[in-house]
Structures are given as structure tokens and as C-alpha cells.
Asker: 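Below are the C-alpha cells for one structure; questions will follow.
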Amino acid sequence: MEKIYITTAIPYVNGVPHVGHALDYLLADTCSRYQKMLGNDVRFQAGTDEHGNKIFQKAKELNVPVQEYVDENAKKFQDFIHLLGAEYTDFVRTTDKDHEKRVQEIWKKLSDHIYLAKYEGWYCTGCERYITDKEYEENHGVCPDHQKPYEKLAEENYYFRLADFKDKIREAISSHEILILPEFREKEILKLLDDSPDVSISRPKSQLTWGVPVPDDENQVMYVWMDALSNYITVLGYPDKDISDFWPAYAQFVGKDILRFHTILWPAMLMALGLPLPKTIVSHGMILVNGQKMSKSIGNVVDPLEVLDKHGTEAFRYYFLRHIDTFADSDFTWDKFEDAYNNELANDLGNLVQRLATMCKKNGFSLSDAPEIEISKEYQDLMNEFRFKDAFDFAWDKVQNINKKIDDKKPWVLAKENKEKELSEVLKELVTDITEVNKLLSPFLPETSDKIAKIFVNEIMPPETPLFPKK
RNA sequence: CGCGGGGUAGAGCAGCCUGGUAGCUCGUUUGGCUCAUAACCAAAAGGUCGUUGGUUCAAAUCCAACCCCCGCAACCA
């Protein structure tokens, strides 16, 4: 039995749960359930990123205490994860006192690689942020959102000296000590690594109050990444506890937009702490709508809660794990979702369960013990390579094969001709087949898999209502 | 010449690394079956594999150039 640690990205809680978050949770959950199926001991982290100005301001706008605001939002995300049928073991919030204390200790341990420097740049008082030189030129020195000219400002920030680790990181990535998936992202990151400057990791308190104070400097507050990335180890108890049981992580799931932080700054932090690097960073794509990025301004945002409400957890998991590519950007449309539901979940699988169970019942066939199942090598290889969509396809192919086999063996003919022995052999074979497929489906569709398992053991009874009624 | 991904049937994709009859799902048409959720099974139609050139007995696949789409370019799920 191995100890497996799986992590998800912690969403920034200034908004509601998004389909993109769902994808992250589902991939991690599928991985986790598969590992548990193999008999491994799994810890599955989830959490929320709760510091920063945006959250502070949003709470002020709503006129609620900031802590109350983040409490509410953290709850929304926890509920969301449950709705997805994902089972985490640990939930970390960056406002947890333990986390805050541990991040400060981590900061101290990193101090050899941290220095204070002056940052100077163009600043918009409306946006309350610095903008890049390029942006300055494009907007001709005036903020388009606030119609105010940018101001030249200077402030002191702490920086993390990434330069100390670049060579080692390049080596770790190239040698696959830390494996980046999909493969093509590795090139992208290696190139990016070369151009990466030291990272600004604090803000003056005058600018940012809602965050973890920098130890031994009351004028500075930690800024997002140091705080957020640490969650993966603070939740395990680092540095108060020995985390070597579960660290290094078996897999860390992230969106492609934040892959760079997880493959550049994060390994650098770990190296500085003397901790081993995560084995795999899995970067998934974005979910598009008709080929376009979802955005509030275009107004094409798909609310995952609406999808869950209309079609339920299992249909949601089915679409997002099989029709959304594990690694690349893919489309969500209601048409595609509904086609997949009706043609595949209802017709292929739901109907198969119905017809086979009915057949068994009509002919008085039952199995006292669940048949022994071996998990196919091909499926395991795909799962071990995090190719969940392909593994799901592999399982689905078997679903279709059972439908073919039924047509081929024609049990109803055997029944009419009273070939009881032959009929019972055929049914036994079919029930064994469906039990096997069901096992392969269980990391993806846990609830359905449970139901099917119950139907085909002891006295076989078709479900009273179809598993997936057509819509 | 910033970096990366992609262009294969009406749609969505696989195949490319390791050249050898172009494949899968959906959709369309036709046939079969009756155990099942008007489901299931089979067959057919449908492609100059972005363009041009090169290597080769042989190129979707390897090489070169070009065209087009899409991401990223440091607070974005």
C-alpha cells in the first residue's frame, strides 16, 4: 500500500464556483478514487485562497466583515465540491490560523533567498495596481477604466531570488524528476524559466492589509503566491509535523493559467526548504463555449450549479471527464452535453443495465457472489499516465461491446428454445462483463457504479426507475 | 522573425514520435432485431489529411518554406 497525496488548486474566493474549478476537482477526484481502488492510502487536499485586496474590497462593498465574507465563500466552494461527488480529505483555507502561522515560519526558512528592493512603475490609483510599460504605452498613459492618468510610484517589496534555483529547476524538469503533463507544456515552461525574473512576494501594508504579515517587518504583508502555494504543505502540518509520509505529492492538478507558478516558483520554494519536489504536475485546459473563452463581458459563462441542478452529479462528471479533454482546451455547449447524456449515458449504459437486468430477472438468473475481476493493464497504464479521458473511452468501448455481445448471442432466442444451460452461461458471461466495466467506471461515475454493482449481485432486479431517464 | 498549440468526412476528434490499404464518436441514409429507456446491432454514403516544394519504392506521418485559427506574454478558473 502506497501513500498518495493529491492536490487541487485553491480558488480565489472573490467569486462563485466556476466550471474550471469543477474540472480541477473532478480530475483529482478520479485520480484519488482510482488510487483507492488499487488499495492505496490517499490524502486529497482542497482549499481556498482568501487573502488580497480584491477580497477585501468586495467585502467592503457588500458592507460585511471580511472574515464573514470569506467564510461564506469558502462554504460555497465546499458545498460545490460535495455536489460534484468529489471526496477530499483535507480542506485548507489561507485564513486558517495554522496556515498563517506556518507560512510565516516558511518565510523565515526562506530568508536566505529573500531580499528587499525598491520597485518603481506606473500605477493606477483607480485600479490600485501597477501596470506594465506595455500597457502604459497602449493606453497612452491614461487608465481606460478610470480615465485617470497613471502615476509614477515607487515602493519597497520583498523579492524571492529565483535566480538561485533556475539551473536546478531546469534540471529537475528536464530529467522528469518533476514531470509536467501534458508534455508540450514542458517546453513552454523551460522557455519561460529562462526569462523569469525574481518574484515579488510582499506589498507594503499601506497597500495591502488583508494578508499574512511578513515576519519581523511590520510594514510588509505577504503577497499571493508565497501564501497560496504553501497551502499544499501547511495543510499536512509543515513545518510543525513530519510530512514525509505523504510529501512529495503524487500529483498536483492545476489549470494551465497557473502552471508557471507551480513549476517555477513552487519548486524553488521547495528546494530552498530542502523538501522533495512533487512527482507530477498535471495541467488541464480551459473550458470554452463555442470555441471562445468564457467571460463575463461576452456573457457566455456557464454556471456549473445550473448544469448540476438540471442533470445531476453523474451526468456532469460524465461530460467533464470524457468529453472535455484532460489536457487541452475543449468546448462546453448545452447541445453537446445533452447529446452525450441521451446517446451515451441513457442509451448505451442506462439501457444496457435495464435490458440485461430484465433479462436476468425474467429467466430467474442470479449470481450468489460477485465475479472476480481483474483490472486490465491497458486501463491501468492510461490511468497511471493521467490520461483519464482515454481510460474512460477504453471503459466505454467495453460498454458498447456488451451491447454487441447481447445482440450476437441473442439470449431471448435461447430462452424461447428452452436452452437453459446455454442461456445461463451466456447471462453469466454478460453479468461478469458488466461487473468488470462497472469497476472501470467507478472512479469516474462512483454513484452509478455503486447502483449497478447492487443490481447485479444476489437477486438481479432491474432498477425501478431507469438510471438515466432520457431527456 | 517573442513563446506555445492547432489546421484530417457535415460537427468533434484519433492517427504523426517509430513512413506501408485514412480511423473513432455524433449526425445522415438503409437494413436487422424485439431482451431493453422509440432503445440495441449491422451496412452504406461522405475526406485533394491547410498550401507549395523536398527526401523516399512509398508521406497525414520525416525535412523546408509559407498561409490561416487559437492560447500565453507574470493578480486571468
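Just so it is clear, the values below take in all heavy atoms, side chains as well, and ignore hydrogens, waters and symmetry mates. Lettering of chains follows the sequences in order, A, B, ..., and the numbering in each one begins at 1.
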Asker: For N347(A), report the nucleic acid contact type (base, sugar-phosphate, nothing); a contact means any heavy atom under 4.0 Å.
Answerer: sugar-phosphate
Asker: Name the pairs: protein N/O against N/O of nucleotides 5-11 of chain B, kept only if under 3.5 Å.
Answerer:
{"residue": "G5(B)", "atom": "OP1", "partner": "K187(A)", "partner atom": "NZ", "Å": "3.1"}

Asker: Taking only residues two or more places apart in sequence, or in another chain, which ones meet D257(A) in a side-chain contact (heavy atoms from CB on, under 4.5 Å)?
Answerer: M286(A)
Asker: Across the strands shown, which category fits K256(A) at heavy-atom distances under 4.0 angstrom: base, sugar-phosphate, nothing?
Answerer: sugar-phosphate
Asker: Could one point to a donor on the side chain of Y12(A) or the base of C75(B) with an acceptor on the other under 3.5 Å away?
Answerer: no
Asker: Rounding to the closest angstrom, what is the interatomic distance between C17(B) and U61(B) at atom P?
Answerer: 9 Å
Asker: Look at the side chain of S200(A) against the base of A74(B) and say whether a donor-acceptor pair falls under 3.5 Å; ignore hydrogens and angles.
Answerer: no
Asker: Taking the P atom in each of C70(B) and C24(B), what is the distance between them to the nearest angstrom?
Answerer: 31 Å
Asker: Please tell me whether T48(A) and E50(A) have a donor and an acceptor in their side chains that are separated by less than 3.5 angstrom.
Answerer: yes
Asker: When you measure from every atom of RNA chain B, which of residues 389-401 of chain A have a heavy atom less than 4.0 Å away?
Answerer: Q400(A)
Asker: Less than 4.0 angstrom between a side-chain N/O of N343(A) and OP1 or OP2 of U25(B), yes or no?
Answerer: no
Asker: Which comes earlier along RNA chain B counting from the 5' end, the contact point of D339(A) or that of V199(A), where each point is its nearest nucleotide?
Answerer: D339(A)
Asker: Just jot down the side-chain contact (heavy atoms from CB on, under 4.5 Å) partners of A46(A), sequence neighbours excluded, or say none.
Answerer: T8(A), Y25(A), I81(A), Y88(A), F91(A)
Asker: Using a heavy-atom cut-off of under 4.0 Å over every strand shown, decide if G255(A) touches base, sugar-phosphate, or nothing.
Answerer: nothing
Asker: List for me each residue that meets side-chain hydrogen bond (donor to acceptor under 3.5 Å, both in side chains) alongside R260(A), sequence neighbours excluded, and say none if there are none.
Answerer: none
Asker: Using the C1' atom as the reference point in each nucleotide, state the distance between A77(B) and C63(B) in Å, no decimals.
Answerer: 40 Å
Asker: Mind checking salt bridge (charged side-chain N to carboxylate O under 4.0 Å, His left out) for D325(A) and listing every partner two or more places apart, or none if nothing turns up?
Answerer: none
Asker: With a 4.0 Å heavy-atom cut-off, tell me which residues in residues 19-29 of chain A come close to RNA chain B, sorted by residue number.
Answerer: G20(A), H21(A)
Asker: With E420(A), which residues qualify under salt bridge (charged side-chain N to carboxylate O under 4.0 Å, His left out), at least two apart?
Answerer: none
Asker: Please say whether the positively charged group of K336(A), taken as NZ for Lys or CZ for Arg, lies over the ring of F332(A), i.e. under 6.0 angstrom from the six-membered ring centre and within 45 degrees of the axis.
Answerer: no
Asker: Counting Watson-Crick and G-U wobble pairs with both distances under 3.5 Å, what is the dot-bracket string for RNA chain B, 5' to 3', using [ ] for crossing pairs and | for pairs to another strand?
Answerer: .(((((((.[[[[.)....(..]]]].(((((.......))))).....[[[[[..)....]]]]])))))).....
Asker: Describe the nucleic acid contact of D348(A) in one word from base, sugar-phosphate, nothing, applying a heavy-atom distance below 4.0 Å.
Answerer: sugar-phosphate
Asker: With sequence neighbours excluded, tell me which residues meet side-chain hydrogen bond (donor to acceptor under 3.5 Å, both in side chains) with T234(A).
Answerer: H99(A)
Asker: Under a 4.0 Å heavy-atom cut-off, which of residues 313-324 of chain A touch RNA chain B?
Answerer: none
Asker: Test of understanding: with side-chain hydrogen bond (donor to acceptor under 3.5 Å, both in side chains), list the residues that count as partners of E188(A), not counting sequence neighbours.
Answerer: R185(A)
